[in-house]
S.K.: 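Okay, handing you the structure first.
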Protein chains: 2
Amino acid sequence: MNIPISQFFQLLSDDTRLRSLLLIQQEGELCVCELIHALNIIQPKVSRHLAALRDAGIVVDRRQGQWIYYRLHPELPDWASQVIDTMVAEAVTHEPFIHDLSALAEMPNRPDAACCA
Amino acid sequence: MNIPISQFFQLLSDDTRLRSLLLIQQEGELCVCELIHALNIIQPKVSRHLAALRDAGIVVDRRQGQWIYYRLHPELPDWASQVIDTMVAEAVTHEPFIHDLSALAEMPNRPDAACCA
DNA sequence: ATCGTATATACGTTTAAACGTATATTATCT
DNA sequence: AGATAATATACGTTTAAACGTATATACGAT
């Protein structure tokens, strides 16, 4: 898992990808429909940006029934994890991340990965 | 000095800007001609990218005679400094940064900011 | 087998970045 | 004042991202 540094930053430079990634890091694992709800962004847009993160090796996905869950790549380089952690710590005090998190918490019929894995 | 997070990453996503910024952080302060030499990139390109960093508040410049020196903005937010420090630590072990640093060290007639400020 | 839900991908268009070349600006030296 | 050096900016072009809409795929339930 060797991500060119400038590619990594290029991926974090888009708001949809950045918000997705921070939510994923904060929550551990999220499926596409949770991100759609939390971010209030249409499905193809969310999927497209998640695919970019996956293709670069920043996240991995796993299918569970009809849902596809994304989490950080387990072998992310240290520097990348550090940057993501730094940004989560920063983002929790600012919009739009605060709102994204509460929208996620209030999502109705949220699928629960833990309950049925 | 309040830089939107995604704009910050957008700026670091270009190789010329990233290499410039890491060199500036490593060296404390550099003028344009030093960067031109270290990076082996034509002058208008270097200047253009430095202007982008300056306009975003990531670096500040000062004129000293015919040279213009760039350094990190003294009031950069903590998260931004942390990210830059993380990346310098990473980059020193990889190309092209290693080469950039040695090209700078071997620059002939290198202006010395300290000697005549 | 069909239907509904979740997700991914393809396509054509629009928006934004980056580029090289040319020119302008500001300082130094003669 | 004129010449040279360092740097910045403007301009037109090319390259690359992002977008919305439409469609394809995979699964679960009936």
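Hydrogens, waters and symmetry mates play no part in the numbers below; they use all other heavy atoms, side chains included. A, B, ... follow the sequence lines: proteins, then strands. Residue 1 opens every chain. Bear in mind that the values here come from a model prediction, so they are computed numbers and not experimental data.
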S.K.: Using whole Å, what does the distance between atom C1' of nucleotide dT7(D) and atom CG of L30(B) come to?
M.R.: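 The answer, rounded to whole Å, is 15 Å.
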S.K.: Distance-only criterion, 3.5 Å: show the donor-acceptor pairs between side-chain atoms of residues 89-97 of chain A and protein atoms not counting sequence neighbours.
M.R.:
{"residue": "E90(A)", "atom": "OE2", "partner": "H94(A)", "partner atom": "NE2", "Å": "2.9"}
{"residue": "E90(A)", "atom": "OE2", "partner": "W79(B)", "partner atom": "NE1", "Å": "3.4"}
{"residue": "T93(A)", "atom": "OG1", "partner": "E90(A)", "partner atom": "O", "Å": "2.9"}
{"residue": "E95(A)", "atom": "OE1", "partner": "H99(A)", "partner atom": "N", "Å": "3.1"}

S.K.: Does the side chain of H49(A) get closer than 4.0 angstrom to OP1 or OP2 of dA17(D) through an N or O atom?
M.R.: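 No.
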S.K.: For the backbone of H73(A) and the side chain of R71(A), can you confirm whether one donor and one acceptor N or O come within less than 3.5 Å of each other?
M.R.: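 Flag not set: sc R71(A) to bb H73(A) has no pair under 3.5 Å.
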S.K.: Name each donor-acceptor pair under 3.5 Å that joins a side chain in residues 50-61 of chain B to protein atoms two or more places apart or in another chain, with its distance.
M.R.:
{"residue": "R54(B)", "atom": "NE", "partner": "D61(B)", "partner atom": "OD2", "Å": "3.3"}

S.K.: According to salt bridge (Lys or Arg N to Asp or Glu O under 4.0 Å), who are the partners of R17(A), at least two apart in sequence or on a separate chain?
M.R.: none
S.K.: Any donor-acceptor pair under 3.5 Å linking the side chain of S47(B) with the backbone of P44(B)?
M.R.: no
S.K.: Quick check: are there more than 12 heavy atoms from other residues, nucleotides or ligands sitting under 6.0 Å from CG of N40(A)?
M.R.: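 No, because the 6.0 Å sphere around CG of N40(A) holds 12 heavy atoms or fewer from other groups.
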S.K.: Round to the nearest Å and state the distance from K45(A) atom NZ to dT14(C) atom C1'.
M.R.: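 Rounded to whole Å, this separation is 14 Å.
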S.K.: In whole angstrom, give the distance that lies between atom CG of D55(A) and atom C1' of dA17(D).
M.R.: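 So the CG-C1' distance, D55(A) to dA17(D), works out to 15 Å.
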S.K.: List for me each residue that meets side-chain contact (heavy atoms from CB on, under 4.5 Å) alongside S6(A), sequence neighbours excluded, and say none if there are none.
M.R.: D15(B), L18(B)
S.K.: Protein-nucleotides 5-8 of chain C N/O pairs closer than 3.5 Å?
M.R.:
{"residue": "dA6(C)", "atom": "O3'", "partner": "Q66(A)", "partner atom": "O", "Å": "3.4"}
{"residue": "dT7(C)", "atom": "OP1", "partner": "V32(A)", "partner atom": "N", "Å": "3.4"}
{"residue": "dT7(C)", "atom": "OP1", "partner": "I68(A)", "partner atom": "N", "Å": "3.3"}
{"residue": "dT7(C)", "atom": "OP2", "partner": "C33(A)", "partner atom": "N", "Å": "2.7"}
{"residue": "dA8(C)", "atom": "OP1", "partner": "Y70(A)", "partner atom": "OH", "Å": "2.4"}
{"residue": "dA8(C)", "atom": "OP2", "partner": "S47(A)", "partner atom": "OG", "Å": "2.8"}
{"residue": "dA8(C)", "atom": "N7", "partner": "Q43(A)", "partner atom": "NE2", "Å": "2.5"}
{"residue": "dA8(C)", "atom": "N6", "partner": "Q43(A)", "partner atom": "OE1", "Å": "3.3"}

S.K.: Specify the separation, in whole Å, of atom NE2 of H37(B) and atom P of dA6(D).
M.R.: 13 Å
S.K.: What is the distance from CZ of R62(B) to P of dT7(D), rounded to the nearest Å?
M.R.: 12 Å
S.K.: What residues in residues 7-22 of chain B put a non-hydrogen atom under 4.0 Å from any atom of DNA chain C?
M.R.: Q10(B), D14(B), R17(B)
S.K.: Walk me through it: do E106(A) and S102(A) pass the test side-chain hydrogen bond (donor to acceptor under 3.5 Å, both in side chains)?
M.R.: CA-CA 6 Å; E106(A) 287 157 19; S102(A) 65; 4.8 Å; no
